[in-house]
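Written below as structure tokens is the structure these notes are about.
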Amino acid sequence: MNFGFTEEQELLRAEVRKFLDQNASLEEVRKIVESDEGFDRHLWNRMAELGWIGLTMPEAQGGMGLGFETFLVVLEETGRSLFPSPLISTLLAARAIERFGSEAQQARWLPGLANGETIGTLAVLEESDDWSSSGVRLEGKRDGGETILSGAKHFVPDAGNAGLFVVAYRSGADPEAVSLAVVEEGADGVAAGHLPAMDLTKRLGKLDLDDVRVADDALLAADWAGVQSLIDLGAALVTAETVGAAERALEITTEFAKQRIQFDSPIGRYQGVKHPLAEMFVDIESYKSLVYYAIWAIDAGDDVAPLAVSRAKAYVSETFPMAGISGVQLHGGVGFTWEYDIQLFLKRGKWMRPMFGDADYHYDRIADLGGL
Amino acid sequence: MNFGFTEEQELLRAEVRKFLDQNASLEEVRKIVESDEGFDRHLWNRMAELGWIGLTMPEAQGGMGLGFETFLVVLEETGRSLFPSPLISTLLAARAIERFGSEAQQARWLPGLANGETIGTLAVLEESDDWSSSGVRLEGKRDGGETILSGAKHFVPDAGNAGLFVVAYRSGADPEAVSLAVVEEGADGVAAGHLPAMDLTKRLGKLDLDDVRVADDALLAADWAGVQSLIDLGAALVTAETVGAAERALEITTEFAKQRIQFDSPIGRYQGVKHPLAEMFVDIESYKSLVYYAIWAIDAGDDVAPLAVSRAKAYVSETFPMAGISGVQLHGGVGFTWEYDIQLFLKRGKWMRPMFGDADYHYDRIADLGGL
Amino acid sequence: MDFNLTPEEAAFRDEVRAFLDENLDAAESERDMNWFGGWLKKVREKRWVGFSWPKEVGGGGGTVMQQVILKEEMAKRKAPPLGSCYMGLAWVGPSIIQYGNEEQKQKYIPDILDGTYQWCTGYSEPDSGSDLASLKCRCERDGDEYVVNGQKIWTSIAMISKMMILLVRTQTDVDVKHDGITCLLVEMDSPGIEVRPIKNMSGGAMFAEVFLTDVRVPVENRLGAEGGGWKVTVSALANERSSIAEVYGLTRKMEELKDLARDTERAGQRAIDIPSIRRRLQRAEIRIESMRLNGQRFLTKQLKGEPLGSETSINKLHRASLEVEMGELAMEITGSASTLMQGCDEAPEDGRWAKFALGWPEVVIGGGTPNIQKNIISERILGLPKD
Amino acid sequence: MDFNLTPEEAAFRDEVRAFLDENLDAAESERDMNWFGGWLKKVREKRWVGFSWPKEVGGGGGTVMQQVILKEEMAKRKAPPLGSCYMGLAWVGPSIIQYGNEEQKQKYIPDILDGTYQWCTGYSEPDSGSDLASLKCRCERDGDEYVVNGQKIWTSIAMISKMMILLVRTQTDVDVKHDGITCLLVEMDSPGIEVRPIKNMSGGAMFAEVFLTDVRVPVENRLGAEGGGWKVTVSALANERSSIAEVYGLTRKMEELKDLARDTERAGQRAIDIPSIRRRLQRAEIRIESMRLNGQRFLTKQLKGEPLGSETSINKLHRASLEVEMGELAMEITGSASTLMQGCDEAPEDGRWAKFALGWPEVVIGGGTPNIQKNIISERILGLPKD
């Protein structure tokens, strides 16, 4: 029984925190998101050099071959600083290629993903906003040894910056006949862009596919169970990143409560302020435990993984958005001004809630998986 | 627009409160419920003499012919003092006879109900605990000009003390073919008694009917809509009585918070104590408004009555049980001892919750009635 | 109790309904600023702008019940506002009517009713918080002028206002801090006034900071007596006690939210049919209904001539949680699209719900945070000791 | 991270499972007191009673991980308790092992392990509240005896105990109130002891008040040094920090609650299929799972030799709300029958859920009210100022 991080992992955490503190303070982050791309390609490349992007990718392809448990440490830190980057998206694309791609496919795409040159993303949802297999209606039509994709993918994270899309498409009549294709930006008929976002540190976009011809060597050998394992992973990674964001939101509000004087004493003296903060702490520590365990289970290939992920995501989807609201409320008048940082975390809460399934989806999933 | 009580009604309230303060302090109530019957027949008779039991019954039958709006005032007071009595039960039985009985039937039973001699009750539920028409399975079999009832009615309020049962029975094959029969205690095959109760001030029991022969002159001309209007009335009266109980629970806990000293100051100084009390106050004032309005609508014969009742009961069923728990918790260690009064209100909350439909039932009813 | 209308009240309600039938059937596409201008003209003709004000100043002289009926019918039909000078109608006008001299009434009231320009209210200061009377904005008399120096904050629509009703301190050596406060009517283009909008988290700005440096205000622009400004303010504040309008605003928003839940499909079913969504909508609706009825209970007190006290905090607390909850519900209903903002086809209803979900703090915190409301109830109504 | 068991740990788990397979298959009807006696004998033979205690005093010498495994497997199979001297195993035994002399160990430990009789703990006093060290129970030495006068409250099972571990004040003129406290082992049938059960709202009594009037206790019954009683207590309290056992208790109750929801029909459907019920059960189950994992994170700290601090309040808060919520859920599931009590056929499971729904305060308030836990977290962990 060991529910803690190794010394190496703690060193990595310190390294990432130092990097982000120096390069991506919240003040800096506010500037970065004002740019067209919404992230800083220079910092992205430096993170790639430090090996953080390829951390979980195979060593043979330029990665470091480590587990998601180690990557967790990076994500908690990017969450803390609301760091804008296509990290989770790129990782999911790479994971798809690693698990369902041939050696040739891995060699073709993974090195570019690991070294930061290519930004990847996973495109599953369509207009129906349905994470089940029946939500995937984009048909892969066979035509002369190629597969033609025509339609649109919605709510695609980092769509406007991605060079590589791992696209879920319908491969047959069976409800679960869904597979994955790799589509590259710049190919004929591929158009993608960002949409106006509430949380400027996280961009969603749309991918339009207009008679895009995909050669067989760009099809991955995934079935619906495989796609679902990627959705699970996405939910786990988003939840892990939220742990960091939530801890920072709690810190910022706690600090405010210590500093802000009203009626001659800090507002943090009042139970009406301190008790909600204590409740936030209890929630954060609890979904932290849930997501750590889920990520351990993913790494260990344990059957409990999907259930563990859904429990964590249901908990965080239900509680963190309200924590953001509570944080703003406890700040009083200034909390909702653009100038104060707490509102950035409120927005992160709203972005996070539906990502890779909201609470309703995950409660239903728990039931489908044989849980309650 | 007038959402207030008349001077006469306020005088009645003062009179009832004085009577109950003098005769039914909580100390006295604790003694009364230890008796076999669980209520005080002497006080009951005095209340009858004062006209309170027959308040809403027709003047021609010994009642006072007033509206439920006036009776509301009595109920808030019996709620305040957790006064144990078959008041609501008797009223519902009388209402059934008044609305669905012939003049002869009214003359036969109402005077006894109005003057306190007969205790009445309404028996609808069966083992299935289902308030819909399909919950009534007790069949009325016709045999030689009589109707034979054989089966059991469950969760019958005041069953052990009632002399007269208004029993819902199935009168035909249609799902809504339900009517009412008057069954008297002492008749062949009728057996009823109380069951061990959590809230000793409110007794539930079971009515067993073993080939009970009911003559036609004991059948009321009610259909399912009529039965449902009685259920609605029951829900409204229970909610009204709860308003009084809730106000008293809040008073007791507030008083405790003012008196109880910890770390050199009254615990009521802390927001962790005072804010839950403020929230209780908001809830009480709000379901008070809802139930007053519902009872006005019943008196006025307004179509909104069922919807208004269900809104009030859903609100009170969801909030008052938690208020009782909160009251006990705010008392700290002593709250759960038999000696302190606050636990009596916690129990009242649990008794009230399912009576004439819990929150789930009433939310569904709201939807059935064309609401949300 | 009697919730029925008298024949006279019913007749007035029918008049309002008939007006709405006639004037609200314009197609949605026609509802542009021109349409709104026409609407304002028509309701002005009916004397429904400033309906509660006396007829002799140009108001409608409506009774309390008539005001309620008018607000209710307007809200039910989602009618646009009655008048366009928002702060003038809510705060400034009543103060001028009660404390202004004849000249001031003639100069300002007609423009407020016609919506000729906007007013703002210079009350709060950075350090005054909920303790309004502790304001410090300095004011010295210099001949026929007052000279003002200080700062105001949380001033709504200051950036588009032509006039400001301003509270200043004309006397500092007072025993009671409520004394020595004076109320001035100030032109916003006076030299020395700087307005800095406070950007909110939606990226817009409803409030501003107002900096006043040697701003000269003619003495005739004083409202009420010198040192009598607190009374002027309190009467304006009292005017805001009734929550009837808020309830109808919420009711209207609730109807729109239900429409959203009916029209949004989530994984093959209507959002409104998802049990967790439906139950939360139901709960919210019941709470709004209880606010409506609470408001009617308060109204009954008012009609009997009794003053309203701290019980108005009840509906404020309901509203605070409902504004948050309804925004969150809109987010959950619209799912992955919930955080898309105005300016793209994919954003539900062009991002208005996303904006709504960021808009509660201005409403909730503006009226005093929930914690403050709970203190008011527990201390003033329940009699618990101050913290 | 590694949640897998080592081969040795897995072997121990298998041993426990095999034992349970063999000894728990007795039919339910056989599970009477005789059966329980047999069970106690068998687990005593396995040395699983006092499993954490050193082997030399008769304990099992189990490692921390083995203790966790044993508790987990027992809870999963709903096995009866390991031992019957509840307070002795939880509080008294560890104190005697650490502070008792050889004679005391030989005299008391075997009886605790065998469950020969019950112990109770005389710690709290009417005015001491959460400030245990402020206790006042007077104690003067008279030759070879101590003479005790005072009152204790919230003493569990005092009415059925033969012995009491009692904290008294042997010195009053101390600088620090923790000094001057002494720990005595007292026979409950000593003259001058009066036990008054505190009737709880279920009508039963788990706690009692204990009145001590000129109670004479031989000096050899002192545990630890005179004036060193606080240390003895603190070590016993520290023993209670791990929440592993609580979690399995809740898990077990949750399984029973799910069974109840599956077996109860409400208006034609299983209660578990009613969306509002199911969602609340799901939420509760996730919180219990998070408690289990929180406990394992704390356990990891313990295994690394780090002390546990205020973070144990996390699971205490979860537990407090879960105990209430699960009781309420049981009530809602059983509907109209929910408030029927033991002693009639109509009461669901003979009224055990009704009793459960009244039983949370003893658990929740006993461990410090939720408000106190929130103060601990916000002050000691988050560093907010004291109120």
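Any value given below was found using the heavy atoms of this structure, including those in side chains, with hydrogens, waters and symmetry copies removed. Here the structure is a predicted model, which is why all the values come from computation and not from measurement. In what follows, chains carry the letters A, B, and so on, assigned in the order in which the sequence lines appear, proteins first and then strands, with residues in each chain numbered from 1.
- Taking chain B as the reference chain and counting heavy-atom pairs below 4.5 Å, the highest number among C:Arg287, C:Glu285, C:Lys301, C:Lys304 is found for C:Arg287.
- With a threshold of 4.5 angstrom between heavy atoms, B:Thr319 approaches chain C through side-chain atoms but not through N, CA, C or O.
- Using the six-membered ring where Trp is involved, B:Phe68 and B:Phe71 have ring planes that are perpendicular, over 60° apart on the 30 and 60° scheme.
- Note: C:Gln282 leads C:Gln282, C:His318, C:Glu379 in heavy-atom pairs under 4.5 Å with chain B.
- Contact of C:Ile376 with chain B is not made at all, since no heavy-atom distance falls under 4.5 Å.
- Checking B:Tyr363 against B:Glu318 by side-chain atom types alone, a donor-acceptor pair falls below 3.5 Å.
- Considering only heavy atoms from C-beta on, C:Arg319 stays 4.5 Å or farther from C:Lys316 through its side chain.
- Judged by the 6.0 Å and 45° rule, B:Arg13 forms a cation-pi pair with B:Phe5.
- At a 4.5 Å heavy-atom cutoff, B:Ala300 makes no contact with chain C through either its backbone or its side chain.
- Heavy-atom distances place both the backbone and the side chain of B:Tyr292 under 4.5 Å from chain C.
- With a threshold of 4.5 angstrom between heavy atoms, B:Glu251 does not approach chain C through any atom at all.
- Other residues, nucleotides and ligands contribute only 12 or fewer heavy atoms inside 6.0 Å of the CD atom of B:Glu7.
- Contact of C:Lys258 with chain B is made through the side chain alone, with heavy-atom distances under 4.5 Å.
- Ring planes of C:Phe51 and C:Phe12: parallel class, angle under 30° (limits at 30 and 60°).
- Within the 4.5 angstrom heavy-atom criterion, no atom of B:Leu307 approaches chain C.
- If you measure heavy-atom distances from B:Ile295 to chain C, you find no contacts under 4.5 Å at all.
- Residues B:Arg95 and B:Ser229 have side chains that never bring a donor and an acceptor to within less than 3.5 angstrom of each other.
- Only the side chain of B:Glu69 comes within less than 4.5 Å of a heavy atom of chain C; its backbone N, CA, C and O stay farther away.
- Annotation for C:Asp21: atom CG counts as buried by contact number, over 12 foreign heavy atoms lying within 6.0 Å.
- Between the side chains of C:Ser338 and C:Glu332, no donor N or O sits under 3.5 Å from an acceptor N or O.
- Heavy atoms closer than 4.5 Å to chain C are found in the side chain of B:Ile366, but not in its backbone.
- Among the candidates C:Thr300, C:Thr6, C:Asn371, the residue making the largest number of heavy-atom pairs closer than 4.5 Å to chain B is C:Thr300.
- Interface remark: B:Asp360 contributes backbone and side-chain atoms alike to the contact with chain C (heavy atom separation under 4.5 Å).
- With chain B as partner, the option from C:Ile377, C:Leu281, C:Ile286, C:Leu303 having the largest number of non-hydrogen pairs under 4.5 angstrom is C:Ile286.
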Worksheet item: Going through the distances and angles, do B:Ser289 and C:Arg297 end up as a side-chain hydrogen bond (donor to acceptor under 3.5 Å, both in side chains)?
Response: CA-CA 7 Å; B:Ser289 293; C:Arg297 281 209 288 138; 2.8 Å; yes
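- When each of C:Glu9, C:Arg278, C:Glu289, C:Met65 is scored by its heavy-atom pairs under 4.5 Å with chain B, the top score falls to C:Glu289.
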